Amino acid sequence: MIQPIFHFFDSVGSTNDIAIKMARDGAPEGTVIVADQQTSGRGRRGRVWLNEPGMSVQESIILRPPVGVSELPQVGFVAAVGCADFLAEQGLEARLKWPNDVLVGNKKIAGILVEIALSDKVSAAVVGIGVNVNHLSFSPELEDIATSIAMLTGKTNCARTLAESLGHHVLRAYDRYLAMGFVDTLNNWQTRMWGCGEQVEINMERRTICGVINGVDNTGALIVRDAKGSAHAIHAGDTIKTTRN
Ligand code: BTN
């Protein structure tokens, strides 16, 4: 069992940056960086990850799975499963939206950003997780798409305490991934998958695909079947649910 080693900070730029530096300097896997506030937190695809002190969990976990660099992003699925287990402990049933979003009741409650720390000798994955904890409302741009633990349970929580619990759950999911393999993680992930069988639009860097989600393949790519019946394996993109034609 890998035990978490927590490092708590009041305010940092990004917990991922600290974790990447520590991973390059040889920090062991299971090292968890937690911050009450991030001044330049980032999300997927270069987006800003906003936060106010004490309102959310923001943490980054160093993992060193025995796989090639191209397979390190597998730990994003591991973290999503761990995050869903953590939310279940809060009485919430999470849905996992490909690739790395965690939803409750169709609204995003957590996001995951996997980054790779490379140095001459080692490679590691840094899994950054942000969870909305104590928000009682969101700005007009976010109110239809975001939610928090407090909004769903009516209870506020100490973000640091929840960060510890989340770290334990992710490392438990990681232990299982090491023991049982990635396909087992994917099977677990798919039991909680959001949008399977639904009509979606996938926005990728250079193009958009419309079709119905069929699940994920054994590499974690999203399988979407278009109107002509062709299956597409998608490795990176944003998914938007659309209405059926
Ligand atoms: C996303 O949904 O786009 C991913 C959001 C990831 C945010 C977390 S908060 C902790 C860690 N540090 C960062 O700068 N980002 C991640």
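Values below: all heavy atoms of this structure, side chains included; hydrogens, waters and symmetry mates excluded. Order of listing sets the numbers, starting from 1, for every ligand and every atom in it. Since the model is a prediction, treat every value here as computed from it, not as a measurement.
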- Should the pair Arg160-Glu59 be classified as a salt bridge under the 4.0 Å nitrogen-to-oxygen rule? no
- Determine which pairs satisfy ring pair (Phe, Tyr, Trp, His ring centres under 6.0 Å) with at least one residue from residues 27-78, sequence neighbours left out, and list them in order. Phe77-Phe182, Phe77-Trp189
- Task: Give the C-alpha distance, both sets of side-chain angles, the deciding distance and a yes or no for side-chain contact (heavy atoms from CB on, under 4.5 Å) between Gln58 and Asn51.
- Result: CA-CA 9 Å; Gln58 289 137 167; Asn51 76 284; 2.8 Å; yes
- Note on the structure: The protein residues that pass the under-4.0 Å heavy-atom test against ligand 1 are Ser14, Thr15, Asn16, Gln38, Gly41, Arg42, Gly43, Arg44, Trp49, Gln58, Glu59, Ser60, Asp101, Lys108, Gly111, Ile112, Leu113, Gly128, Ile129, Gly130
- Message: One pair to check against side chain to side chain donor-acceptor pair (under 3.5 Å): Thr15 and Gln38. What are the steps and the verdict?
- Response: CA-CA 7 Å; Thr15 54; Gln38 295 186 117; 3.2 Å; yes
- How far apart are the C-alpha atoms of Ile109 and Leu92, what are their side-chain angles, what is the distance that settles it, and do they pass the side-chain contact (heavy atoms from CB on, under 4.5 Å) test? CA-CA 10 Å; Ile109 194 163; Leu92 300 173; 4.1 Å; yes
- Test salt bridge (Lys or Arg N to Asp or Glu O under 4.0 Å), reference Asp85, set Arg192, Arg176, Arg172, output is Arg192
